[in-house]
Chemist: 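Mind having a look at this structure? Questions to follow.
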Amino acid sequence: GEFIAEGGYFTVSTGRTLLGFHAYDPELINAPAILANGGMIYDYTSRTITAMFGLDETCVPDLRKVCGRFPSLAIEMYAPDDTCCIHLNERSRRHFELHRIIPREIDDPAEASFPCAKVMFGGSADDILAAQAFLSEMCPTLGFVPTDGTLLEVLRPGTGKGTTLLRLAELLGIAPENVYAVGDGDNDIDMLKAAAASFVPANGHPAAKACASYHVCSNDDGAIAEAIGILGKKR
């Protein structure tokens, strides 16, 4: 509250999508939010899309390649107001339930709504690992956030939390040297690198900690408050 009162902008940058993000609080967030790992910027005050950096219909042929090569992978497709899934499996079913989304099941990527803020693949860790190698070699329209998990974030090439953070700052008239970020996951790394100063909690991912300007206390103990306190001392 004090940070905002002194003229600061505070928002969130999350992998969650418009239909899956349920943590918006107008008392804490006073700028458009970055959703879908940088795939879109959404203004909850006006309920409008500020900017979209998602995947368009040109990705359909590459998604069809993935569907043919990995029939056991679920392909989750997230347009702002329409979530679709191809090859819905148990991993993705649990993922949708967590985000309180009921997907529209389709058979072909062309049946989805576009643009998609992002696409996700859900399946076994082995299939996700193989899919990343396949995307790198065979699918130039599909970028992704590397992972060793069972869900793979697929974005437009060159799009990520870091690039979208700087785009948001430009829209708000904020100079790059006044852009700061707090993150704890491996999908936060490009955002942490893009910020002028970055903060990672004690319970953050080791890869995120490796590129942080500052290490702060855990998320459970007030990491954001400690980061703001450090910024206050720097002024």
Side-chain angles (χ1 to χ4, degrees), residues 11-21 32-43 48-70 73-87 92 95 99 101 103-104 106 108-123 128 130-147 149 151-171 176 179 181 183 185-195:
T11 190
V12 296
S13 178
T14 176
R16 295 205 175 205
T17 60
L18 181 58
L19 296 179
F21 182 57
I34 297 172
L35 304 176
N37 268 331
M40 69 183 294
I41 301 173
Y42 188 79
D43 188 337
T48 58
I49 296 172
T50 302
M52 175 72 83
F53 310 107
L55 295 154
D56 60 21
E57 291 90 341
T58 60
C59 75
V60 168
D62 280 342
L63 286 173
R64 284 173 175 160
K65 292 178 191 175
V66 176
C67 290
R69 173 64 178 80
F70 299 97
L73 277 183
I75 313 295
E76 306 174 9
M77 304 181 68
Y78 292 92
D81 57 359
D82 182 31
T83 300
C84 300
C85 188
I86 305 166
H87 301 160
S92 280
H95 187 229
H99 291 249
I101 293 174
R104 179 168 63 92
I106 59 177
D108 183 86
E111 299 173 43
S113 300
F114 289 96
C116 287
K118 70 173 182 178
V119 170
M120 292 194 74
F121 299 162
I128 292 293
Q132 291 173 82
F134 185 79
L135 292 182
S136 295
E137 183 178 355
M138 303 296 294
C139 302
T141 68
L142 304 176
F144 62 91
V145 180
T147 183
L151 289 170
L152 180 66
E153 301 268 356
V154 179
L155 305 165
R156 189 170 79 183
T159 296
K161 286 186 176 182
T163 55
T164 302
L165 175 66
L166 295 180
R167 285 164 172 161
L168 175 59
E170 184 178 5
L171 288 171
V179 175
D186 53 357
N187 67 328
D188 293 321
I189 289 172
D190 74 316
M191 178 182 72
L192 296 169
K193 289 180 176 178

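Computed from a predicted structure; not experimentally measured. Side chains included, hydrogens not; waters and symmetry mates left out as well; all remaining heavy atoms used.
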Chemist: Would you compute the distance between atom CG of Asn187 and atom OG1 of Thr147 and round it to the nearest 0.5 angstrom?
Modeler: 8.5 Å
Chemist: Aromatic contact between Phe134 and Phe70, with the criterion being ring centroids under 6.0 Å apart: yes or no?
Modeler: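 Close enough - the centres of the two rings lie under 6.0 Å apart.
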Chemist: Mind checking whether Val119 and Leu55 have side chains closer than 4.5 Å, heavy atoms only?
Modeler: yes
Chemist: Could you state the interatomic distance from CG (Asp108) to CD1 (Ile75), rounded to the nearest 0.5 Å?
Modeler: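 So the CG of Asp108 and the CD1 of Ile75 are separated by 11.5 Å.
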Chemist: Side-chain contact, heavy-atom cut-off 4.5 Å: Ile41 with Phe53?
Modeler: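 Ile41 reaches Phe53 side chain to side chain.
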Chemist: Report the C-alpha distance between Leu73 and His87 in whole Å, list the side-chain angles of each, state the deciding distance to 0.1 Å, and finish with yes or no for side chain to side chain contact (heavy atoms under 4.5 Å, CB included).
Modeler: CA-CA 6 Å; Leu73 277 183; His87 301 160; 5.7 Å; no
Chemist: Side chains of Lys193 and Asp190, heavy atoms from C-beta outward: is any pair under 4.5 Å?
Modeler: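 SC-SC contact between Lys193 and Asp190 ruled out.
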Chemist: Flag the pair Pro32 / Thr11 as yes when at least one side-chain heavy-atom distance between them is below 4.5 Å, and no otherwise.
Modeler: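 The answer is no; the side chains never approach within 4.5 Å.
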Chemist: Could you tell me whether Glu170 atom CD has more than 12 heavy atoms of other residues or ligands within 6.0 Å of it?
Modeler: no
Chemist: Side chains of Leu63 and Ile86: does their closest heavy-atom pair fall under 4.5 Å?
Modeler: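 They are not in side-chain contact.
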Chemist: In the structure I gave you, are the side-chain heavy atoms of Val60 and Phe114 within less than 4.5 Å of one another anywhere?
Modeler: yes
Chemist: Roughly how far, to the nearest 0.5 Å, is the SG atom of Cys59 from the CE atom of Met77?
Modeler: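 It comes to 5.5 Å.
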Chemist: Could you check whether any side-chain heavy atom of Val66 comes within less than 4.5 Å of a side-chain heavy atom of Val154, counting everything from C-beta outward?
Modeler: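 Answer no - side chains too far apart.
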Chemist: The test is side chain to side chain contact (heavy atoms under 4.5 Å, CB included); show your working for Arg69 and Met138 and say whether it passes.
Modeler: CA-CA 11 Å; Arg69 173 64 178 80; Met138 303 296 294; over 6 Å; no
Chemist: Quick one: CG on Leu135 to NZ on Lys65, what's the gap to the nearest 0.5 Å?
Modeler: 10.0 Å
Chemist: Between Ile49 and Pro80, is any pair of side-chain heavy atoms under 4.5 Å apart?
Modeler: yes
